[in-house]
Structures are given as C-alpha cells and as structure tokens.
S.K.: 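One structure, as structure tokens, below. Some questions next.
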Amino acid sequence: MALILGIESSCDETSVAIVENGERIIAEKTASQVEIHALYGGVVPEIASRHHLENISALMQMLMEESKTDPKYISAIAVTHGPGLAGPLLVGISYAKALAYSWNVPLIAVNHMLGHLNAVFLFDKTISLPCIVLMVSGAHTEIVLMESLSSYKILGRSVDDAAGESFDKVARMMGLGYPGGPEIEKIAKVGVPRYRFPKPKPAWKYDFSFSGLKTHVKYFLRDEPNVKKEDVAASFQETVAAVLVDRAVKAAEEYSIQDIVVAGGVAANSALREKAYESFEKNGIKFHFPPLKYCTDNAVMVAAAGWQNYKAGKFADLSLNAVPNLEV
Ligand code: KG4
Ligand code: ZN
C-alpha cells in the first residue's frame with residue numbers, strides 16, 4: 001500500500017490531497033483564488049503566488065488532521081512542476097521539497113496535464129487502451145494517441161489559442177467575468193445557437209485553431225450590436241464543441257479506437273458533453289469525462305499521476321525546479 005501526498009499550485013488553486021494507490025481518495029483540501037483574480041479579469045501571477053504561500057500550510061494542516069495521517073505513513077510527495085505559472089509552481093515545489101526533506105520521503109515531479117488525464121482514469125474504470133485523449137485546458141489543446149499510461153504520441157494541437165483561452169477571451173469581449181468558460185456556459189443555457197461561426201481548419205488534420213473564431217466573434221459583436229449576447233455565447237460554444245468532437249472522432253476512427261478521454265478544465269462544458277454524446281449515438285465511439293469537480297485543477301489528480309511514477313520508480317531530487325512550458 002502506498003499513500004501519495006499530492007500538491008498542486010500551478011495556477012489559481014492551491015490544493016493538497018492524499019490518495020492511496022492512485023485509487024482511493026483519503027482526504028483533499030483546496031483553496032480557490034478564482035474570486036480574487038476575477039477582479040482583474042484573469043490570473044495575476046504574483047498575487048497568485050502570494051495566496052498560495054498564505055494558504056498552503058493551513059491546507060496541509062487541515063489535511064493531516066482530517067485524514068488522521070501520521071507523516072511516517074506517507075510513501076511519497078508528488079508535486080506539479082509544470083506546465084503553469086513559474087511563481088505559483090515554485091510555491092508548491094518548495095513546500096513539497098521541504099516536506100520530503102523533513103519527513104525523509106521521496107519526491108515525485110508531476111506533469112500537470114498528465115494529472116488532468118489521471119483524473120479521468122481514477123473515476124472511470126471502463127476505458128480501454130489504446131485511447132485518444134483530448135486535452136482541453138486554459139493553456140493546452142491537444143489530441144494524443146495513448147497506448148498506455150506511460151506511452152503516448154501527440155497527434156495534433158492548437159496552432160494558436162487553447163480552447164479554454166478562447167472561452168476566456170470571448171467572455172472578456174462580451175463583458176463577462178473570469179474564468180470565461182463557466183460564464184459563457186451559464187448565459188448560453190438561455191441562448192439559441194442560431195449563428196454559424198467559422199470552423200478554421202489548419203493544414204494538419206488533427207490541429208486546431210481558435211484565434212480566427214475569436215476575431216470573428218469580436219467583429220460580429222461590433223457589426224451586430226443588437227444581437228442577444230446569450231445567442232452569441234451559445235453559437236460560440238457550439239462551434240468550439242463541434243470542432244473538438246469532430247477532430248477527436250476523426251483521430252479515433254483513423255486509428256480504429258473506441259474510447260476518447262477528455263481531460264482539463266473545458267471538459268466541464270455541458271455543450272461539449274452533449275456533442276460527445278450525440279456523436280456516440282451516431283458512431284459508437286465513447287467519450288469519457290472526469291466528474292465535474294475534478295475537471296479543474298486539484299491535487300487528487302496530482303497524487304494519482306504521482307502513483308504512476310511511484311510504481312515506475314521515477315523520483316525527483318531536491319534540485320527540482322519549475323518548468324512553466326513543460327510539454328505533455
Ligand atoms: O484545467 P484548468 O482548470 O487549468 C489549466 O490547467 O489551464 O482549465 C481552466 C480553463 C479556463 O480557460 C476555463 O475558462 C476553462 O478551463 N473552463 C471551461 C469551463 N470550466 C472551465 N470552459 C468551458 N466550459 C466550462 N464549463
Ligand atoms: Zn489545469
């Protein structure tokens with residue numbers, strides 16, 4: 001039995017969790033800074049770092065008390081070392097190093113995007129490998145062919161804005177709050193996707209492009225000032241969801257794969273989930289989403305990903321540093 005302590009601080013959530021054997025959540029504590037950054041319309045890295053620093057010790061104390069775990073039973077400390085914002089990452093990494101040193105337990109470096117992926121496998125035991133992974137977060141949009149949890153190949157990615165970033169930027173244009181995804185989704189619920197927005201197709205069949213769509217929405221709002229914001233939000237959301245589902249299904253068909261795993265913040269989107277279900281009804285390729293609570297950043301996924309490294313004997317040392325642009 002191995003108890004992995006996960007630490008996540010790559011963006012605006014400070015999160016700690018203990019997970020047994022990558023399967024059973026013993027306890028988790030998260031402090032979100034979303035409301036603070038909403039005042040600025042996006043994450044301010046220095047403010048985020050300061051809040052991580054303020055929150056992390058209290059969260060750890062609550063975690064250890066609530067789980068009644070003696071540190072001597074912790075098998076390893078897994079921490080996100082990238083991708084993410086340098087300052088915020090360094091808070092979690094420094095904290096993890098101090099704990100690893102004082103408790104004399106191994107340190108594990110976790111790739112944040114593989115964390116998002118593990119959040120799906122943790123709760124859904126029906127996924128068969130190989131599968132196609134659709135990574136959709138605030139900074140990443142990728143289609144990955146995954147043969148095993150440690151062997152994968154990137155088939156395509158966004159050539160400009162990430163899917164989540166396009167939600168955030170369009171929301172800002174429409175005078176909605178941050179983060180944009182949930183805000184657009186909220187008003188889209190009472191809108192009608194009546195407008196046909198362009199679906200740019202980059203040269204490579206598995207790549208994405210969202211910046212042209214964003215610009216189109218910008219000029220559409222300028223030229224059609226009387227349209228209902230709700231309808232524009234619904235049409236934008238519908239377009240992004242259709243593009244994501246379409247490319248992922250194309251990859252699955254080409255590689256004769258039956259399962260598509262969707263990971264990252266945008267996996268919470270209900271239009272994306274509906275489109276995925278409609279597609280399943282048509283072609284039988286099944287989409288797997290994480291539970292809503294675990295779509296956005298959390299330490300449970302970091303501990304679950306850390307467990308994979310633990311089993312493989314992949315440990316980090318105390319020279320571990322942040323890698324803000326770490327690849328999947
Ligand atoms: O994975 P995540 O929490 O952080 C990163 O690793 O980037 O993803 C955050 C992104 C933001 O761009 C946010 O607008 C988007 O995920 N997001 C959503 C929804 N919830 C979060 N996008 C669309 N619909 C949502 N419900
Ligand atoms: Zn994330």
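Along the sequence shown, residues carry numbers from 1. As a basis for the values below, the full set of heavy atoms in this structure was taken, side chains included, without hydrogen atoms, waters or symmetry mates. Treat the numbers as computed from the prediction; the structure is a model and nothing was measured. Ligands are counted one by one from 1 in listed order, and the atoms in each one are counted from 1 as well.
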S.K.: So, F287 versus F280, ring centres under 6.0 angstrom or not?
M.R.: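 So the answer is no for these two rings.
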S.K.: Regarding H52 and S9, is there a side-chain donor-to-acceptor distance under 3.5 Å anywhere?
M.R.: no
S.K.: Should the proximity of D297 to ligand 1, defined as any heavy atom under 4.0 Å, be assigned to the side chain, the backbone, both, or neither?
M.R.: both
S.K.: Consider only side-chain N and O atoms of H116 and D297, and report whether a donor and an acceptor are under 3.5 Å apart.
M.R.: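 On atom types as modelled, these side chains qualify, holding a pair under 3.5 Å.
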S.K.: At what distance is the nearest protein heavy atom to atom 26 (N) of ligand 1, and which residue and atom is it?
M.R.: E185 OE1, 2.6 Å
S.K.: Taking L117 as the starting point, is it possible to reach V302 by hopping between hydrophobic residues whose side chains are less than 4.5 Å apart?
M.R.: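 The answer is no; the residues belong to distinct hydrophobic clusters.
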S.K.: For E281, is the CD atom crowded, meaning more than 12 foreign heavy atoms sit under 6.0 Å from it?
M.R.: yes
S.K.: Counting N and O atoms only, with roles assigned by atom type, does the side chain of N21 sit under 3.5 Å from a partner on the main chain of E23, one being a donor and the other an acceptor?
M.R.: no
S.K.: If you leave out waters, which protein N, O or S atoms are less than 2.8 Å from the Zn ion (ligand 2)?
M.R.: H112 NE2, H116 NE2, D297 OD1
S.K.: At what distance is the nearest protein heavy atom to atom 11 (C) of ligand 1, and which residue and atom is it?
M.R.: D168 OD2, 3.6 Å
S.K.: In terms of ring plane angle, is the pair W204 and Y206 parallel, tilted or perpendicular, where the classes change at 30° and 60°?
M.R.: perpendicular
S.K.: Show which atoms of ligand 1 fall inside a sub-4.0 Å distance from at least one heavy-atom site of A139.
M.R.: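 Once the distances to A139 are compared, the set is 7 (O).
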S.K.: Less than 4.0 Å is my threshold; does some heavy atom of E13 fall inside it relative to ligand 1?
M.R.: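 The answer is no, since E13 has no heavy atom less than 4.0 Å from ligand 1.
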S.K.: Would you please indicate yes or no on a ring centroid separation below 6.0 angstrom for Y195 and F220?
M.R.: yes
S.K.: Compute the shortest N/O to N/O distance between G138 and ligand 1 and return yes if it is under 3.5 Å, no if not.
M.R.: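 Yes, there is a polar N/O contact under 3.5 Å.
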S.K.: Determine, using heavy atoms of P182 and all atoms of ligand 1, whether some pair is separated by less than 4.0 Å.
M.R.: yes
S.K.: Given side chain to side chain contact (heavy atoms under 4.5 Å, CB included), test E230 with M174 step by step and report yes or no.
M.R.: CA-CA 10 Å; E230 291 78 3; M174 295 174 71; over 6 Å; no
S.K.: For H116, counting its heavy atoms only, list the atoms of ligand 1 lying under 4.0 Å from any of them.
M.R.: 1 (O), 6 (O)
S.K.: What part of H112 sits under 4.0 Å from ligand 1 if we count only heavy atoms: the side chain, the backbone, both or neither?
M.R.: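 Just the side chain.
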S.K.: Do E8 and S10 have side-chain N/O donor and acceptor atoms under 3.5 Å apart?
M.R.: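 Yes, S10 and E8 have a side-chain donor paired with an acceptor closer than 3.5 Å.
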S.K.: Which residue holds the protein heavy atom closest to atom 24 (N) of ligand 1, what is that atom called, and what is the gap in Å?
M.R.: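 Ranked first by proximity to atom 24 (N) of ligand 1 is N269 ND2, 3.0 Å.
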S.K.: What residue and atom, counting heavy atoms only, is the protein's closest point to atom 22 (N) of ligand 1, and at what distance?
M.R.: G181 CA, 3.3 Å
S.K.: Should G164 be counted as touching ligand 1, given the test is an N or O pair under 3.5 Å?
M.R.: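 There is such a contact, yes.
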S.K.: Is it the case that the side chain of D231 and the backbone of V192 share a donor-acceptor pair, with hydrogens and angles ignored and the cut-off at 3.5 Å?
M.R.: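 It does hold such a pair.
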S.K.: How close does the nearest protein non-hydrogen atom get to atom 21 (C) of ligand 1, and which residue and atom is it?
M.R.: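 Nearest protein contact, heavy atoms only, for atom 21 (C) of ligand 1 is G265 O, 3.4 Å.
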S.K.: What residue and heavy atom of the protein are closest to atom 15 (C) of ligand 1, and at what distance?
M.R.: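 Sorting protein heavy atoms by distance from atom 15 (C) of ligand 1 puts V266 CG2, 4.0 Å first.
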S.K.: Could you check whether atom NZ of K125 has more than 12 heavy atoms from other residues, nucleotides or ligands sitting under 6.0 Å from it?
M.R.: yes
S.K.: With a cut-off of 6.0 Å (strictly less than), are more than 12 heavy atoms of other residues, nucleotides or ligands near NZ of K201?
M.R.: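 Not buried by this count: 12 neighbours or fewer within 6.0 Å.
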